[in-house]
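Here the structure comes first, spelled out in structure tokens, and everything after it is commentary.
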Amino acid sequence: MKFGTKAIHAGVEPDPTTGAIMTPIYQTSTYVQAAPGDHKGYEYSRTHNPTRTALQNALAALENGRHGLCFATGMASIDAICKLLKPGDEVVSTNDLYGGTYRLFTKIFEGYGVKFRFVDMGDLRNVEEAMTPNTKLIWTETPTNPLLRIVDIAALAAIAKKHGCLFGVDNTFASPYLQNPLDLGADLVMHSVTKYLGGHSDVVMGALVVNDDALAERLAFIQNSSGATPGPMDCFLVLRGLKTLHLRMQRHCENGRVIADYLTSHPKVDKVYWPGLPTHPNHEVAKRQMRGFGGMISFTLKGDSMDDAKRVLSSTKLFSLAESLGGVESLLGHPASMTHASIPREERLRNGLADTLIRLSVGLEDAEDLVEDLRQALG
Ligand SMILES: *Cc1c(COP(=O)(O)O)cnc(C)c1O
């Protein structure tokens, strides 16, 4: 089955009691049993809920995986992966990591005796050098935030296989429409469903998809034991969002290209970071492992004035200044003073994160209007 058909049909059956074509919101905590242990597969909604089951199956299908698991937030899904680890275990991850993941690793799980090494995954020798017999997980994300670097998923999968450790990919920025890490050899794929999958900026949720039955069973045990599961209303909203994922992603990609080309030609713009540009340092890897380049774009202004950047950020009328991404509406943000403000300025600059860097989540509005908005804000 092709992607768009799966986005609409996968995981979803007409409701057996009424024929309702849309999966009902099973707003219930418990399920009546005919006799002790004699039930219909549902006992308590932390463990199972039919609306959640439909969504988990839909997400598994979109990532070409066998098992989907939903969590209350994206962070809760990464937290569940960390709970596969024991004191003394090591994780090799990228130095260009989502801030919340870095915080979870270093401020929570380091305290439980797990060791994390952060390396530049643009050069795979750094990954090889960081591997030890105690490495149990390689964790990456691609494209990265906010510089849209691309990491070679298949090459990392080969390293993980050689060392017999798990390999997980945060696929939030790409969405399953653009990239399927399990097909490239990953063991775990994670999403902040909050972003493109939900797509309407009205839900916070996370998900994992895996192929291995035993791994799925361990994660389902953690999901139920720790209990960070989403409610049925949120699952319904995401099921609804998924039905247009392929259409939304097509438009995000089209608008992304128009905006990236416009910014590239603008006299006040210095660098443009978008993996679809032939000048992007990882463009070849992006072409190999992605089916399109998405709607996330970052750019810097000529000069190094933080005030210039702030003037642009407060002058847009359609792009709203806000955290998050992947919704129908266009957003923009300023990593140096927002998402990455906690990183010391010297370190930020060393990682290529200029004071004038502006990140766009290009939405689904008409591209002409978005270009016009950037034109007046940059002018
Ligand atoms: C937002 C985000 C997360 C965290 O997800 P939440 O749903 O906010 O908990 C993790 N990784 C990436 C790349 C994200 O953009």
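These numbers were taken from a predicted model, which means no experiment stands behind them. Remember, it's 1-based here, ligands and their atoms both numbered in the order they're listed.
Scanning the protein for heavy atoms near atom 7 (O) of ligand 1, the closest one is Thr194 OG1, 2.7 Å. For atom 13 (C) of ligand 1, the closest non-hydrogen atom on the protein side is Asp170 OD2, 3.3 Å. Looking only at heavy atoms of the protein, atom 5 (O) of ligand 1 is closest to Ser192 OG, 3.0 Å. Given atom 3 (C) of ligand 1, the protein heavy atom at minimum distance is Tyr98 CE2, 3.4 Å.
Aromatic pair Phe118/Tyr102: ring centres closer than 6.0 Å.
For Asn145, the closest heavy-atom approach to ligand 1 does not fall below 4.0 Å.
Residue contacts with ligand 1: Thr101 is placed with no nitrogen or oxygen under 3.5 Å of a nitrogen or oxygen of the ligand (distance criterion only). Looking at ligand 1, you'll find an N or O of Met75 within less than 3.5 Å of one of its N or O atoms. Residue contacts with ligand 1: Lys195 is placed with a nitrogen or oxygen under 3.5 Å of a nitrogen or oxygen of the ligand (distance criterion only). Not one N or O of Ile78 is nearer than 3.5 Å to an N or O of ligand 1, by distance alone.
Of all the heavy atoms in Val210 and Leu215, the pair that sits closest is CG1-CD2, 4.0 Å.
When the side chain to side chain contact (heavy atoms under 4.5 Å, CB included) test is applied to Asp38, the partners found at least two apart in sequence or on another chain are Ala34, Ala35. Annotation: salt bridge (Lys or Arg N to Asp or Glu O under 4.0 Å) contacts of Arg240 (sequence neighbours excluded): none.
In the hydrophobic cluster analysis, where Ile, Leu, Val, Met, Phe, Trp and Tyr join through side-chain heavy atoms closer than 4.5 angstrom, Leu332 is grouped together with Phe299.
Within 6.0 Å of NZ on Lys243 lie more than 12 heavy atoms contributed by other residues, nucleotides or ligands.
Within the 4.5 Å cutoff, the side chain of Phe109 has heavy atoms near those of the Phe116 side chain.
Each of the following atoms of ligand 1 lies closer than 4.0 Å to a heavy atom of Met205: 7 (O).
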